[in-house]
2 protein chains.
Amino acid sequence: MNDRPISFRVGTDCADCPIRHKAVCAHCDADELVRLEQIKTYRTYSAGEVIVWAGDEMDFVASLVSGVATLTQTMEDGRRQMVGLLLASDFIGRPNRSSVSYDVTATTDVTLCCFRRKPFQEVITNTPHVSQRLLEMTLDELDAAREWMLILGRKTAREKIASFLAILARRNAGASDLGPGIDIQFELPLTREAMSEYLGLTLETVSRQMSGLKRDGVILLEGKRRIVVPDFDALLNETGDDADGGMLA
Amino acid sequence: MNDRPISFRVGTDCADCPIRHKAVCAHCDADELVRLEQIKTYRTYSAGEVIVWAGDEMDFVASLVSGVATLTQTMEDGRRQMVGLLLASDFIGRPNRSSVSYDVTATTDVTLCCFRRKPFQEVITNTPHVSQRLLEMTLDELDAAREWMLILGRKTAREKIASFLAILARRNAGASDLGPGIDIQFELPLTREAMSEYLGLTLETVSRQMSGLKRDGVILLEGKRRIVVPDFDALLNETGDDADGGMLA
DNA sequence: CGCCCTTTTGAACACTTTCAAATCCCGTGG
DNA sequence: CCACGGGATTTGAAAGTGTTCAAAAGGGCG
């Protein structure tokens, strides 16, 4: 019902983990990592696979080690809205609640670091480093959700696309150079349909607006999935936000 | 810059507090309450007053004791989207971050229980009962934000209005009777304009849809602000959600 | 009683959706 | 190596929903 493990890789050392310093375990010391090591298991899912369905029981919580996953809500009549876009180091599941509220889907191949629910709840209770990190991450997600609400509620289709691309560009570039004159490139981890579910649009509108941004030279497409942003400020100018941060004043 | 106290009421006992068992202090024992008492101050704001502006520094965090407040984001050109609707017991501010991301506005007369930022951060660090309660509350807010995202991204104007009224009805009725045959009544704490900012609509559309729901007998208006819901299921049927919870099967 | 702000209503318009069909792209198999 | 198949994407045209601009009606408070 709730798990479709494709493969297991047990015994991987937390010290070598690519998300060691960003995930829920970020603040842990060596002793605390040992506790987590004892209750963790890796699972992998392939692109397109559903990790859990809304309403199902999930006997674990997890950190997303690699890949991209989504949280999606579905209405009676099939209308769908994505409500979470999970990248490396993001947390899946809610302590003290075993039933899941949203469909969780792997949109690329995904590796999860899963913690058995019961013992993880004890860790939360006894390890302030973990619960405090989880609070930080949840507050960040809440901020992201609120930025997303502005996009959904008030932006035009073109602004929505530009905003989405800017968010991806920022997350992919990390803290590195987003200045003018530097080409930013990244892979789109979502289909046009998934983008439409993120942005509250139809996939046709997404396609049209992508074409529009390409036509206007704001983005270049290499194949269908690789995006090149020749001028990040130009992209920001399309988002409707305070793009240039008052550089003109 | 950041505070416009209208009046103070010092020395009020936490034991008598109306939000004692729902706010961030809910899990605290007597000793822990003493610590909070030492750093708290009450402030009141009158309807319409801005509590803090986005970007301002806030030297306190707070629990909303009574009244209704909103979090709102504003774009360059004046488009506005509400991203938080704060009712009694909700928490305002973010630990470890003194600058505020959204305009916080009192939409009715409001009383806050404010905690000085610095000492509150110590409480967070040293008092698991507080940090764990704050985590719970933040997770609840995140869930609410995600439900809201579905409303903004995928619902029609009529469904948005119905969903909003259903949310208010549920919060006001508390755990009590929402069954059929029981009239639910509540006061609208928001103007049409504030509703439009909540729902990503124009105020004209809000007004039209309210009229439509009234015309169809889904709601009754007593004055402009008091709403009567003669049949809660009928309202739910307008939300687009799985209204009757499978009662028909 | 009158003023002002909120709310309602009307009509034309704009943007996104819907429905339909063509095109592209990639993996597969001949 | 190239043709084929099928999902993903793009493009077109018509239709619909919500917005915009405008004006009237309603309500509360001095």
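As the structure is a computational prediction, the values presented were derived from the model and not from experiment. In what follows, chains carry the letters A, B, and so on, assigned in the order in which the sequence lines appear, proteins first and then strands, with residues in each chain numbered from 1.
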Engineer: Nearest whole angstrom, please: distance from the P of C:dT6 to the CG of B:Leu221.
Structural biologist: 18 Å
Engineer: Measure from CG on A:Leu203 to C1' on C:dA20 and round the result to the nearest Å.
Structural biologist: 13 Å
Engineer: Compare the minimum distances between each of D:dG18, D:dG12, D:dT19 and the side chain of A:Arg208, then state the nucleotide with the smallest one.
Structural biologist: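 So the nucleotide nearest the side chain must be D:dG12.
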Engineer: Side chain of A:Thr202, heavy atoms from C-beta onward: which of C:dT18, D:dT9, C:dA11 has the nearest atom to it?
Structural biologist: C:dT18
Engineer: Which nucleotide in the set D:dT10, C:dT8, D:dG18 lies at the smallest distance from any side-chain heavy atom of B:Ser211?
Structural biologist: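 Among the listed nucleotides, the one closest to the side chain of B:Ser211 is C:dT8.
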Engineer: One thing to verify: whether B:Glu187 and B:Arg225 come together as a salt bridge, which I'm taking to mean a side-chain N less than 4.0 angstrom from a carboxylate O.
Structural biologist: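 Looking at B:Arg225 and B:Glu187, the cut-off is not met.
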Engineer: So, is B:Thr191 near the phosphate of C:dT6, with a side-chain N or O under 4.0 Å from OP1 or OP2?
Structural biologist: no
Engineer: Rounded to the nearest Å, what distance is computed from the CG atom of residue A:Asp77 to the P atom of nucleotide C:dT18?
Structural biologist: 10 Å
Engineer: From the list D:dT10, C:dT8, D:dG18, which nucleotide is the closest neighbour of the side chain of B:Gln209?
Structural biologist: D:dG18
Engineer: Can you tell which of C:dT9, C:dT18, D:dT9 lies closest to the side chain of B:Glu204?
Structural biologist: C:dT9
Engineer: Once you round it to whole Å, what is the distance between P of D:dG26 and CE of B:Met210?
Structural biologist: 17 Å
Engineer: Kindly indicate whether the side chain of B:Met75, heavy atoms from C-beta on, has any atom under 4.5 Å from the side chain of A:Glu159.
Structural biologist: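 Answer yes - side chains close enough.
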Engineer: Within this structure, what is the CZ-to-C1' distance between B:Arg154 and D:dT17, rounded to whole angstrom?
Structural biologist: 15 Å
Engineer: Measure CZ/A:Arg192 against C1'/D:dT10 and give the value in whole Å, please.
Structural biologist: 9 Å
Engineer: Without swapping roles, check the side chain of A:Asp231 against the backbone of A:Asp233 for a donor-acceptor pair under 3.5 Å.
Structural biologist: yes
Engineer: Please, which pairs that meet ring pair (Phe, Tyr, Trp, His ring centres under 6.0 Å) have at least one residue in residues 184-209 of chain A, sequence neighbours excluded?
Structural biologist: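 Output for this query lists A:Trp148-A:Tyr198, A:Phe164-A:Tyr198.
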Engineer: Tell me whether A:Asp77 is salt-bridged to B:Arg154, with the criterion being a basic N under 4.0 Å from an acidic carboxylate O.
Structural biologist: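 Salt bridge flag = no for B:Arg154 with A:Asp77.
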Engineer: What nucleic acid atoms does A:Gly48 come within less than 4.0 Å of, heavy atoms only: base, sugar-phosphate, or nothing?
Structural biologist: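 A:Gly48: no heavy atom of the nucleic acid under 4.0 Å.
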Engineer: What is the distance from CZ of B:Arg225 to C1' of D:dG27, rounded to the nearest Å?
Structural biologist: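 That distance rounds to 12 Å.
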Engineer: Identify all side-chain donor-acceptor contacts of residues 99-106 of chain B below 3.5 Å with residues at least two apart in sequence or on another chain.
Structural biologist:
unit_1   : atom_1 : unit_2   : atom_2 : d
B:Tyr102 : OH     : A:Asp143 : OD1    : 3.1
B:Asp103 : OD1    : B:Ala54  : N      : 2.8

Engineer: Using C1' atoms of five pairs at each end, report the bend of the helix from C:dC1-D:dG30 to C:dG30-D:dC1 rounded to 10 degrees.
Structural biologist: 30°
Engineer: Above 12 or not: heavy atoms from other molecules or residues under 6.0 Å from CD of A:Glu193?
Structural biologist: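 Not buried by this count: 12 neighbours or fewer within 6.0 Å.
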Engineer: Which comes earlier along DNA chain D counting from the 5' end, the contact point of A:Arg215 or that of B:Val206, where each point is its nearest nucleotide?
Structural biologist: A:Arg215
Engineer: Between P on C:dT18 and CZ on A:Arg79, what's the gap in Å once rounded to a whole number?
Structural biologist: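 To the nearest whole Å, that distance equals 9 Å.
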